[in-house]
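In what follows, chains carry the letters A, B, and so on, assigned in the order in which the sequence lines appear, proteins first and then strands, with residues in each chain numbered from 1. For clarity, every value in this text was computed on a predicted model and none was experimentally measured.
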2 protein chains.
Amino acid sequence: MTQSVPDIVVRRLPVYLQALLHIAETGQSTISSRELGKRLGASPAQIRKDLSYFGEFGRPGLGYDVGYLIRTLERILQLDQDWQVIIVGAGALGHALANYPGFGANRFHIVAVFDNDPARIGTTIGDLVIRSVDQLAQVACESRIDIAILAVPARAAQAVTDQVIACNVRAILNYAPITLTTPPGVHVTYIDPIARLQTMTYYL
Amino acid sequence: MTQSVPDIVVRRLPVYLQALLHIAETGQSTISSRELGKRLGASPAQIRKDLSYFGEFGRPGLGYDVGYLIRTLERILQLDQDWQVIIVGAGALGHALANYPGFGANRFHIVAVFDNDPARIGTTIGDLVIRSVDQLAQVACESRIDIAILAVPARAAQAVTDQVIACNVRAILNYAPITLTTPPGVHVTYIDPIARLQTMTYYL
DNA sequence: GTGTGTGAAACTGTTCACAGCT
DNA sequence: AGCTGTGAACAGTTTCACACAC
């Protein structure tokens, strides 16, 4: 049953979940691996195999119950609990992220935003007051922060990383175009549109 | 030599390039696969193998010439030419993208921004006037557009995709949290921070 | 009939280890 | 000595194909 799930499988589960939520909105209550795969551009076998790492959730002859599979995926991914998130960097990207309703809709709560620009410190984004990065250690260490989102320039990213790790943050979503050095046990995910475009140009 | 390069190798090349540009700034003129790998958290063998798909660029006993490798990677990825990019969706994310200097710094030129909100149409972002999506077909089909960046809500993403594909756009960077259906030959890359966070929570 | 779950097979990607070059 | 380039070995991932369940 559950034994060393490949990371690539875990990365696909949120995509399955997203599609299932759309399907649930249409009122469809059951879906086969073939139908879900067609929608996602994946093979039916891959979907069945991926899910089989976690248990048996389907009904032969019928497929998967959409609602049950949604709840199951949410439980597997630990999305049935709240997560505390901070954003470091309140430029255009930091603002867009802080205003993005998708986080709150998925139980990711932005609890603080930091910047080092005196002109921005003290201003607000919605309910949030932008704080000085000098306060990062105090604020973040005192409350349990699960995830840090880095929306700072590349030159500042490693220093911020070291600070949030010192505050026991073990997951970082990094928008700065630089590879971070982190100790084992810290999960870093990179989002870099330039790198993505540079991959696509290879094929054009 | 060059024969069916794995996609995953192509995805790593921009990361190598990014690191090499930082290294070049420090004045270092030569780097070994071991040193580059350490910086990126990759094995030396992987870097040598990846590069070997495209030719022989290193000097045994010395390593790689930083400047030469930069120019080589830029040529491989076709980054030695300009690319025309449009942004569809001028909300907070669309604004942040349109203002991001990283595109222009890498020869990706934002040539038009579209939205369907009358309150936004006609307003400007820097030099760019936000146009109606109704004009997308005219504007985009008349000039050669290489890449479309989608910063629209999920419910609008497929319709926009169909439109830009009709205008011969063959590369799409999609920020909407939905899997797009596209004909063969169209390259779609997804950026979805929620999906990334949902993967990290699995491990926390 | 349809459709899941899964071992086996096929395929893809990574690491090893060493010949050969500087 | 140090380091690349690469076939071979190894590890990981996907697909196949079929027993079994509805």
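In the region residues 58-79 of chain A, proximity to DNA chain C at under 4.0 angstrom, judged on heavy atoms, holds for A/G58, A/R59, A/P60, A/G61, A/L62, A/G63, A/Y64. Listed in residue order, the members of residues 19-27 of chain A having a heavy atom less than 4.0 Å from DNA chain C come to none.
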Exercise. Any chance you could lay out the side-chain contact (heavy atoms from CB on, under 4.5 Å) test for A/Y100 and B/I194, step after step, and finish with the verdict?
Key: CA-CA 10 Å; A/Y100 182 47; B/I194 300 293; 4.0 Å; yes
Exercise. Could you walk me through whether B/I121 and B/R131 pass the side-chain contact (heavy atoms from CB on, under 4.5 Å) test, one step at a time?
Key: CA-CA 5 Å; B/I121 294 165; B/R131 299 158 188 260; 5.7 Å; no
Practice problem: Output, in order, the C-alpha distance, side-chain angles, deciding distance and verdict of side chain to side chain donor-acceptor pair (under 3.5 Å) for A/D162 and A/Q158. | Solution: CA-CA 6 Å; A/D162 297 342; A/Q158 186 61 55; 2.9 Å; yes
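Interatomic distance, B/I178 CD1 to A/L21 CG, rounded to the nearest 0.5 Å: 11.5 Å. Taken from CD1 in A/I76 to OG1 in B/T201, the straight-line distance is 11.5 Å, to the nearest 0.5 Å.
Ring-plane geometry between A/Y202 and B/F54 is classed as perpendicular, the angle between the planes exceeding 60 degrees on a 0 to 90 degree scale with a lower cut at 30. The aromatic rings of B/Y68 and B/F57 stand perpendicular to each other, their planes meeting at an angle above 60°, with 30° marking the opposite boundary.
There is a side-chain donor-acceptor pair under 3.5 Å between B/R48 and B/S33.
Checked for salt-bridge contact, B/R107 and B/D82 meet the test: a charged N lies under 4.0 Å from a carboxylate O. Under the 4.0 Å criterion applied to side-chain N and carboxylate O atoms, A/R11 and A/D7 are assigned as salt-bridge partners. Ion pairing between B/R75 and B/D80 fails under the 4.0 Å rule for side-chain N and carboxylate O.
Following rounding to the nearest Å, B/E35 (CD) and D/dC3 (P) show an atom-to-atom distance of 9 Å. Between B/Y53 atom OH and D/dT4 atom C1' there is a gap of 16 Å when expressed in whole angstrom units.
With a heavy-atom cut-off of 4.0 Å to chain A, the contacted part of DNA chain C has its first and last nucleotide at C/dT2 to C/dA8.
For the disulfide bond (SG atoms under 2.5 Å apart) condition, the pairs that include at least one residue of residues 135-182 of chain B, sequence neighbours left out, are B/C141-B/C167. Residue pairs meeting the salt bridge (charged side-chain N to carboxylate O under 4.0 Å, His left out) criterion with at least one partner in residues 19-42 of chain A, sequence neighbours excluded, are absent.
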Could I get a table of every N or O pair under 3.5 Å where one atom is in the protein and the other is in nucleotides 15-18 of chain D?
unit_1 : atom_1 : unit_2 : atom_2 : d
D/dT15 : OP2    : A/S43  : OG     : 2.9
D/dA17 : N6     : A/R48  : NH2    : 3.3

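When each of B/L51 and A/V9 is assigned the nucleotide of DNA chain D bearing its nearest heavy atom, the one mapping closer to the 5' terminus is B/L51.
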